[in-house]
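Take a look at the structure below.
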Amino acid sequence: MKVEAIIRNYLEDIVHMSIATSHENKPWISEVHYSYDDELNFYFVSRPNRRHSVEVSQNNQIAGNIVRQHKKDESVRGVYFEGLIEMLHNVTKDQVAFQTYNQRFNSDASILEEQSEEDGHRWYKIVVQKFYLFDELEMNPAGKYELGWKTL
């Protein structure tokens, strides 16, 4: 499918995503660096005391976008998603979360050691249920396209 191919290609070049969480009907948005696997699950690391980390521990629904900054009068493309998030426990160097993150950012195993620290980085996985592509570059007509993904 063309929408899926565009999304996969776009993800290769963009390393940060915005994630939206909420608590008691108060929304919050954060930037994180992410990696992804062949099934388009997203992975990132964050400290457990960050607002988004606290909020996802209480509400596992998440939304986000991956957008390159555009200049005025430039054609626009962006990937948006909604899904579920979970904190991963005891991630090892053999697991896809670390392998994709390490490959993308050339991190070392010290990031794994932080999991045992009280305020050390934790690993998160987003399972996307729906993707949306807004595209003015290749899609005709230009606009928003939905890609149903996983049903949980």
Side-chain angles (χ1 to χ4, degrees), residues 1-88 91 95-108 110-111 114 119-152:
M1 173 177 269
K2 187 172 186 174
V3 171
E4 181 181 340
I6 291 172
I7 289 171
R8 286 182 181 277
N9 188 50
Y10 190 69
L11 295 179
E12 291 179 28
D13 296 329
I14 313 297
V15 297
H16 58 33
M17 72 166 60
S18 297
I19 55 172
T21 60
S22 68
H23 178 69
E24 296 180 357
N25 293 320
K26 293 182 182 178
W28 184 251
I29 194 156
S30 302
E31 277 297 298
V32 296
H33 286 83
Y34 73 95
S35 64
Y36 60 96
D37 62 24
D38 291 338
E39 296 178 14
L40 297 182
N41 297 306
F42 296 120
Y43 302 93
F44 68 92
V45 294
S46 187
R47 295 191 185 279
N49 64 353
R50 302 287 194 252
R51 181 172 170 176
H52 58 268
S53 298
V54 171
E55 290 181 357
V56 300
S57 71
Q58 300 166 0
N59 177 359
N60 71 338
Q61 296 184 39
I62 195 160
N65 73 0
I66 300 165
V67 179
R68 181 181 59 80
Q69 294 297 312
H70 301 89
K71 296 177 183 171
K72 185 177 175 182
D73 300 323
E74 185 178 5
S75 294
V76 176
R77 175 177 284 163
V79 172
Y80 304 82
F81 64 86
E82 55 190 53
L84 300 175
I85 186 169
E86 66 176 313
M87 184 171 68
L88 303 176
V91 173
Q95 290 177 288
V96 68
F98 176 75
Q99 289 175 349
T100 60
Y101 201 84
N102 182 46
Q103 181 179 8
R104 194 159 167 95
F105 299 109
N106 198 27
S107 54
D108 60 35
S110 67
I111 198 164
E114 287 187 45
D119 193 36
H121 283 98
R122 303 295 190 268
W123 292 84
Y124 294 87
K125 176 182 181 180
I126 298 172
V127 177
V128 175
Q129 294 175 303
K130 253 184 217 176
F131 280 103
Y132 303 90
L133 171 69
F134 186 84
D135 189 79
E136 296 178 338
L137 298 173
E138 290 182 54
M139 296 301 288
N140 190 9
K144 181 174 140 185
Y145 293 84
E146 184 178 318
L147 176 63
W149 197 242
K150 292 183 182 174
T151 304
L152 300 177

Rounded to the nearest 0.5 Å, the CD1 atom of I85 sits from the CD atom of E55 at a distance of 11.0 Å
CD1-OG1 distance between I62 and T21, expressed to the nearest 0.5 angstrom:
6.5 Å
Are H33 and Y101 side-chain neighbours, meaning at least one heavy-atom pair lies under 4.5 Å?
yes
Separation between CG of N102 and CG of D108, rounded to the nearest 0.5 Å
8.0 Å
Within this structure, what is the CG-CD distance for the pair L84 and Q129, rounded to the nearest 0.5 Å?
4.0 Å
Are any of the side-chain heavy atoms of V76 and F134 separated by less than 4.5 Å?
yes
Main-chain N/O of H121 paired to E114 side chain as donor or acceptor, under 3.5 Å
yes
More than 12 foreign heavy atoms under 6.0 Å from CD of Q58: is that the case here?
yes
Rounded to the nearest 0.5 Å, how far does CG of L147 lie from NZ of K2?
14.0 Å
If you draw the axis of the six-membered ring of Y34, does the NZ or CZ of R104 fall within 45° of it and under 6.0 Å from the ring centre?
yes
Could you tell me whether a side-chain N or O of R122 sits under 3.5 Å from a main-chain N or O of M87, the two making a donor and an acceptor?
no
Which donor-acceptor pairs under 3.5 Å do the side chains of residues 39-50 make with protein atoms, sequence neighbours left out?
from : atom 1 : to   : atom 2 : distance (Å)
N41  : OD1    : K150 : NZ     : 2.9
N41  : ND2    : D37  : OD1    : 3.4
N41  : ND2    : D37  : OD2    : 3.1
Y43  : OH     : D37  : OD2    : 2.7
S46  : OG     : H52  : NE2    : 2.8
S46  : OG     : S53  : OG     : 3.4
R47  : NH1    : D119 : O      : 2.8
N49  : ND2    : D119 : OD1    : 3.3
N49  : ND2    : D119 : OD2    : 3.4

Identify the heavy atoms of R8 and Y36 that sit nearest to each other, and give their distance.
O-OH, 4.1 Å
Short question: side chain of N65, backbone of V79 - any donor-acceptor pair under 3.5 Å?
no
When rounded to the nearest 0.5 Å, the distance separating CG of L133 from OH of Y145 is 8.5 Å
Beyond-backbone contact of E86 with N60, side-chain heavy atoms, under 4.5 angstrom
no
For the residue pair K130 and Y80, establish whether any side-chain heavy-atom pair is separated by less than 4.5 Å.
no
With a 4.5 Å cut-off on side-chain heavy atoms, are K125 and V96 touching?
no
Pairs of donor and acceptor atoms involving the side chains of residues 10-20, under 3.5 Å and at least two apart or interchain, shall be tabulated with distances.
from : atom 1 : to  : atom 2 : distance (Å)
Y10  : OH     : R68 : N      : 2.8
Y10  : OH     : R77 : O      : 3.1
S18  : OG     : E31 : OE2    : 2.4

